[in-house]
Amino acid sequence: MPETVSETSPRGRRAARPSGDDRELAILATAERLLAEKPLSAISVDDLARGAGISRPTFYFYFASKDAVLLSLLDRVVAEADAATLDASLLPAAGPRAGWRLAITTYFETFRAHRALTLAWAEARSTNAEIRELWARVFDDWAQRCAVAIDAERARGAAPPGPPARDLAVLLTSMNERALYATFSGDGPAVAESAVVDVLLEVWLRAIYGTAPAD
């Protein structure tokens with residue numbers, strides 16, 4: 001949407017100017033679209049402003065840099081994934097296989113829907129401290145939720161004692177992160193997209209329960 005609109009409406013009124021939220025969303029949408037075509041390093045602030053229909057100075061009213069756009073997108077996608085958060089109480093109700101499958105599938109489908117962003121974040125973490133710190137906080141939160149669920153499964157006798165739940169959760173979550181990155185990027189050996197959730201699920205079930213519960 002252009003930054004200024006001079007056309008009038010059929011009723012003779014000047015068309016409404018885009019709101020701040022509209023401009024911000026346009027910048028974010030432009031960034032995601034361009035990242036599907038080329039790396040962040042090849043995208044300029046001018047590209048983002050032009051794609052959003054605004055001027056370069058207006059872009060800086062919303063974001064300090066293109067890295068700040070990437071950071072905002074990460075926040076939004078994480079919130080999208082967390083909308084279906086893992087609740088320890090889900091496992092007894094749904095059963096281990098169905099409960100853990102839902103958790104793994106939710107994150108897989110969310111990040112697959114934002115594949116270009118997922119790859120951009122992974123690459124940006126090596127150079128951008130803010131993105132690295134945000135991802136570390138997100139990762140820690142996911143691992144903590146999984147640890148709570150593992151402890152709850154052990155407490156109700158569904159899972160045997162084993163390594164500290166947090167340590168196990170950190171390793172399993174790290175495995176998911178690497179496996180999904182490899183599948184989405186083709187970087188090194190990777191599990192096929194159609195099979196990765198099933199394979200991850202079996203590994204999680206065997207690591208937590210010592211076997212693969214059939215529910």
Side-chain angles (χ1 to χ4, degrees), residues 32 70-122 125 131-215:
E32 185 159 11
L70 199 59
L71 197 63
S72 181
L73 284 165
L74 177 55
D75 264 330
R76 287 170 178 268
V77 174
V78 167
E80 185 180 326
D82 285 348
T85 183
L86 175 64
D87 184 339
S89 66
L90 174 68
L91 295 172
R97 180 172 291 274
W100 288 110
R101 176 180 288 280
L102 175 62
I104 293 170
T105 299
T106 294
Y107 287 101
F108 167 74
E109 290 183 347
T110 299
F111 287 99
R112 179 176 63 174
H114 302 281
R115 183 190 306 258
L117 293 176
T118 301
L119 302 183
W121 294 321
R125 292 207 303 271
I131 291 175
R132 185 165 58 250
E133 290 165 8
L134 175 57
W135 187 259
R137 291 196 300 273
V138 168
F139 184 94
D140 184 68
D141 181 57
W142 290 343
Q144 183 58 33
R145 293 181 196 177
C146 291
V148 168
I150 292 169
D151 274 334
E153 288 294 88
R154 289 174 176 176
R156 75 183 184 96
R166 177 169 172 76
D167 292 348
L168 184 56
V170 167
L171 290 176
L172 289 172
T173 305
S174 296
M175 175 187 67
N176 279 22
E177 180 185 11
R178 174 57 197 172
L180 294 184
Y181 175 80
T183 295
F184 294 154
S185 68
D187 179 17
V191 179
E193 221 170 280
S194 59
V196 67
V197 169
D198 289 335
V199 174
L200 287 171
L201 176 63
E202 293 304 312
V203 174
W204 275 69
L205 292 175
R206 292 177 188 278
I208 294 168
Y209 300 94
T211 182
D215 282 351

* Asked: For the residue pair Thr173 and Trp204, what are the closest heavy atoms and their distance?
  -> N-CZ2, 3.9 Å
* Would you sort out whether Ile150 and Arg154 count as a side chain to side chain contact (heavy atoms under 4.5 Å, CB included), showing the intermediate values? => CA-CA 6 Å; Ile150 292 169; Arg154 289 174 176 176; 3.7 Å; yes
* **Approximate separation, where rounding is to 0.5 Å, of Leu134 CG and Ser72 OG** => 10.5 Å
* Quick one: closest heavy-atom pair of Ala143 and Val170, and the distance? => CB-CG2, 4.0 Å
* **Distance (rounded to the nearest 0.5 Å) between Arg101 CZ and Leu205 CG** => 9.0 Å
* Structure fact -> Between Ala165 and Ala147, the two heavy atoms sitting closest are CB-O, 3.6 Å
* Answer yes when Arg137 and Asp141 have at least one side-chain N-carboxylate O distance shorter than 4.0 Å, and no when they do not. => no
* Can you check side chain to side chain contact (heavy atoms under 4.5 Å, CB included) on Arg166 and Asp140, steps first, answer last? -> CA-CA 10 Å; Arg166 177 169 172 76; Asp140 184 68; 2.4 Å; yes
* Residue pair Val196, Leu180: steps toward the side chain to side chain contact (heavy atoms under 4.5 Å, CB included) verdict -> CA-CA 8 Å; Val196 67; Leu180 294 184; 4.2 Å; yes
* Structure fact -> Residues passing the side-chain contact (heavy atoms from CB on, under 4.5 Å) test with Thr118, sequence neighbours excluded, are Phe111, Trp121, Phe184
* Considering all heavy atoms of both residues, which atom of Pro96 and which atom of Tyr209 are nearest to each other, and what is their separation? -> CB-OH, 3.3 Å
* Any idea which heavy atoms bring Ile104 and Leu201 closest together, and the distance? -> CD1-CA, 3.8 Å
* How about Glu177 and Trp135: does a side-chain donor come under 3.5 Å of a side-chain acceptor? -> yes
* Structure fact -> Rounding to 0.5 Å, atoms OH (Tyr107) and CG (Leu102) come to a distance of 10.0 Å
* **Side-chain ion pair, Glu32 and Arg115, N-O less than 4.0 Å** => no
* Asked: So do the side chains of Ile208 and Trp100 get within less than 4.5 Å of each other, counting heavy atoms only?
  -> yes
* May I ask you to decide if Glu193's main-chain N or O and Thr183's side chain share a donor-acceptor pair within less than 3.5 Å? => no
* To do: Starting at CZ of Arg112, measure out to OG1 of Thr105 and round the result to the nearest 0.5 Å.
  => 9.5 Å
* Mind checking what makes side-chain hydrogen bond (donor to acceptor under 3.5 Å, both in side chains) contact with Arg132, not counting sequence neighbours? -> none
* Is the closest side-chain heavy-atom distance between Leu74 and Leu117 below 4.5 Å? -> no
* To do: Run the numbers on Trp142 and Asn176 for side chain to side chain contact (heavy atoms under 4.5 Å, CB included), then give the verdict.
  => CA-CA 11 Å; Trp142 290 343; Asn176 279 22; over 6 Å; no
